[in-house]
Amino acid sequence: MSFAWTPDRFNRRVQQISQPPRALPSPPEIVSLAFGSPDPRLFPAAGLAEAAATALRDFPAYSVALQYGNPIGNPVLLGELAKKLEKDEGRPVEPGSLTITSGSSQALPLVFQALADPGSPCLLETPTFLGTVRHIRFNQIEAVAVPLDDQGLDVGAVGAALDTLSAQGRRPRFLYTIPTFNNPVGMTMPLERRLALLDLCARHGLPIVEDDAYRDLWFDAEPPPTLHALDRHGLVIRLGTFSKIVAPGVRLGFVLADPAVIERVQMFKAEGVTNGFASLVVGTFMKSGGLASHIEVLRRDYQGRRDALLSALAREMPDGVTWTRPTGGFFVWLTLPPQADVARIAARMKEEQVVALPGTECYPDGRGSHHLRLAFSLQPPERLAEGACRLGRAIRAGLHK
Ligand SMILES: Cc1ncc(COP(=O)(O)O)c(C=O)c1O
C-alpha cells in the first residue's frame, strides 16, 4: 500500500504556487528562445579542466575547498572576486562585504529573508526576472509594482509609490531593480537616472537590491557604473552570478553589500561553504586570467547573436509589433499590438515549434499578456533567424482573422 500524499500533507503555500518554467533542453526540431541559458558550446570547459587540475595539485588550497568550510565562501574565489569587483567598481571591497552563494538564485531569497518580514511590502521593478517574482511570493512579501520606461526604472513612480505607502503608514523594506541589461526588457538605466534613484532612496532610507547578472556582457559600450559603485550611504546590495560568464552548473553567485547586511544574510545560510570545489576551480580560472579573456569571447559572440536576432525581427515581424534593442545581456522584449489574439498566437507558436517566455511570467500580477521575452543566448545566429521567421508566422496568424 502506498502512502496517500494528499494536499493537506503539504505546506499551505504549495497549493498557491504553480510549477516554475524549467530551462530544460528541448528537442532539435524546436527553436527555444524562452530561457536565458548560455550556449553550451561557449562553456569554458578546457579552461576549467586546467584550473581543476592545477587546483587539485595544491594541497592547502584543495584541502580547504573540499572540507566543510566558512559559509562566507572559499578564500581563493573570494580573493579573486574581490580583485575583479574592485577593478570593475573603482572602489575597495571592504572586508566582510562579500559572500558567495549558490548562484544568485540563492542570493535572492537570502537577501529577501534578511530584509523583509512576511506581509511587509517591497517595491518591485516590473517587468522583472521571473525567479524574483517567485522568491518574493515564497517569502510572502507584498510586491508593489513600479514600472520601467525606456530608460529603466521610473524614479517618479518610485517616489509616488513611497508616498502612497507612507500615507498608509507603511514603509517598503527594499526596492528590487536590474538596472543593467535588464531581464526581461534588455534596457540599461543611464547614469543621471542612477544618481536620481540613489538620491531618492537615500532620502527615504530605502535599501536597493541591485541584481547585476549581465553587466560583463556589454556589446556596444561599457555600461554606466553599478548603483553599488555610486552609492555613498551603504544602501545598495549588489547580487552577481557566474552563470552567464562561466556556466550555470558551477552554481556560484555572490552578494556585495555593507558588512552589516552580509552578517544578517549569513544567518539564513544553513549550509557550510557554498560549492567549495566549484569555487576553487573558478577562483583558479580567474587567477590564471582565463575568465577575463573568456568574457571577451562571450561579448563578441553574443553581440553577433543579438545582431542576428534584431535583423531577423526587422525582416519577419508584421507591422504593429515592436521590440527593444539591447546593448548587452541576453534578452529582447517584444510587444504585440493591443488587437493581437494572444491565445491564437500561443497555439500557432506550438504548431510552429518555436518557444518564447510569456510576458505574464515577468509580472507579479498577471499583466504582460501582450509581451514575449526572446533570449538570444542559447541559439546560434541561423537558428535565431529561423525562430524569428516561425514567430513572425505565428504572430501574423493572431493579427489577421
Ligand atoms: C536578473 C537575474 N537574476 C538572477 C538570475 C539567477 O541566476 P543564477 O543562475 O545565478 O541563479 C538570473 C538568471 O537568469 C537573472 O536573469
Side-chain angles (χ1 to χ4, degrees), residues 20-24 32-40 42-43 73 77 81 98-112 122 124-139 143 148 152-153 174-189 208-218 223 226-228 236-257 265 269 271 274-275 278-279 282 291 298 302 324 326 328-333 356-357 359 361-364 373-378:
R22 299 241 183 254
L24 299 174
S32 178
L33 309 174
F35 295 104
S37 308
D39 187 338
L42 296 172
F43 291 154
L77 182 62
L81 180 59
L98 200 52
T99 186
I100 302 297
T101 56
S102 174
S104 37
S105 293
Q106 185 194 31
L108 288 165
L110 290 177
V111 168
F112 295 165
C122 74
L124 176 66
E125 166 183 294
T126 53
T128 191
F129 170 48
L130 68 99
T132 300
V133 172
R134 297 185 75 83
H135 284 303
I136 285 181
R137 207 171 277 154
F138 292 159
N139 287 290
L148 294 166
L153 186 59
F174 61 86
L175 161 73
Y176 174 88
T177 179
I178 311 168
T180 307
F181 313 135
N182 163 289
N183 176 1
V185 171
M187 124 304 283
T188 293
M189 188 191 283
I208 302 176
V209 179
E210 175 182 33
D211 193 345
D212 201 30
Y214 300 95
R215 157 162 299 271
D216 287 307
L217 300 175
W218 53 266
T226 58
L227 294 171
H228 184 269
V236 179
I237 299 160
R238 177 179 166 189
L239 314 185
T241 177
F242 288 92
S243 291
K244 316 298 177 177
I245 53 172
V246 177
V250 296
R251 287 289 79 210
L252 290 170
F254 63 89
V255 184
L256 173 66
V265 164
K269 216 170 166 196
E271 75 221 36
T274 303
N275 292 336
S279 295
V282 171
L291 180 62
L298 294 180
Y302 288 129
T324 52
F330 279 3
F331 306 108
V332 169
W333 183 243
L357 188 77
E361 294 288 344
C362 307
Y363 285 87
R373 188 193 70 181
L374 311 180
F376 51 83
S377 50
L378 181 62

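Every number for a ligand or one of its atoms is a count from 1 in the order of the listing.
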What distance separates [X] [atom1] from [Y] [atom2], expressed to the nearest 0.5 Å?
X	Y	atom1	atom2	value
Ile245	Arg215	CD1	CZ	12.0 Å
Glu125	Asn183	CD	CG	10.0 Å
Phe242	Ile100	CZ	CD1	6.0 Å
Thr274	Lys269	OG1	NZ	3.5 Å

Please check if the side chain of Asn139 supplies one atom and the backbone of Phe112 the other of a donor-acceptor pair under 3.5 Å. no
Side-chain donor or acceptor of Ser104 paired with backbone N/O of Leu239 under 3.5 Å: no
Identify the protein heavy atom lying closest to [atom], giving its residue, its atom name and the separation to 0.1 Å.
atom	answer
atom 11 (O) of ligand 1	Ser105 OG, 2.5 Å
atom 2 (C) of ligand 1	Asp211 OD2, 3.5 Å
atom 15 (C) of ligand 1	Tyr214 OH, 3.6 Å
atom 12 (C) of ligand 1	Phe129 CZ, 3.4 Å

Examine the side chains of Ser243 and Arg251 and answer whether a donor and an acceptor come within less than 3.5 Å of each other. yes
Contact check: Ser102 vs ligand 1, nitrogen or oxygen atoms, below 3.5 angstrom: no
Answer yes or no: does an N/O atom from Tyr176 fall short of 3.5 Å to an N/O atom of ligand 1? no
Could you tell me, atom by atom, which parts of ligand 1 come under 4.0 Å of a heavy atom of [X]?
X	answer
Ile178	1 (C)
Ser104	4 (C), 5 (C), 6 (C), 7 (O), 8 (P), 10 (O), 11 (O)
Asn183	15 (C), 16 (O)
Ser243	8 (P), 9 (O), 10 (O)
Lys244	13 (C), 14 (O)
Gly103	10 (O), 11 (O)

Give the contacting part of Gln106 toward ligand 1: side chain, backbone, both or neither, where contact means a heavy-atom distance below 4.0 Å. neither
Report the part of Phe242 in contact with ligand 1, treating N, CA, C, O as backbone and CB onward as side chain, heavy atoms under 4.0 Å; options are side chain, backbone, both, neither. neither
Could you check Phe181, Phe35, Tyr214, Phe129 and say which one makes a ring-ring contact (aromatic ring centres under 6.0 Å, His included) with Phe331? Tyr214
Quick one: are the ring centres of Phe330 and Tyr302 less than 6.0 Å apart? yes
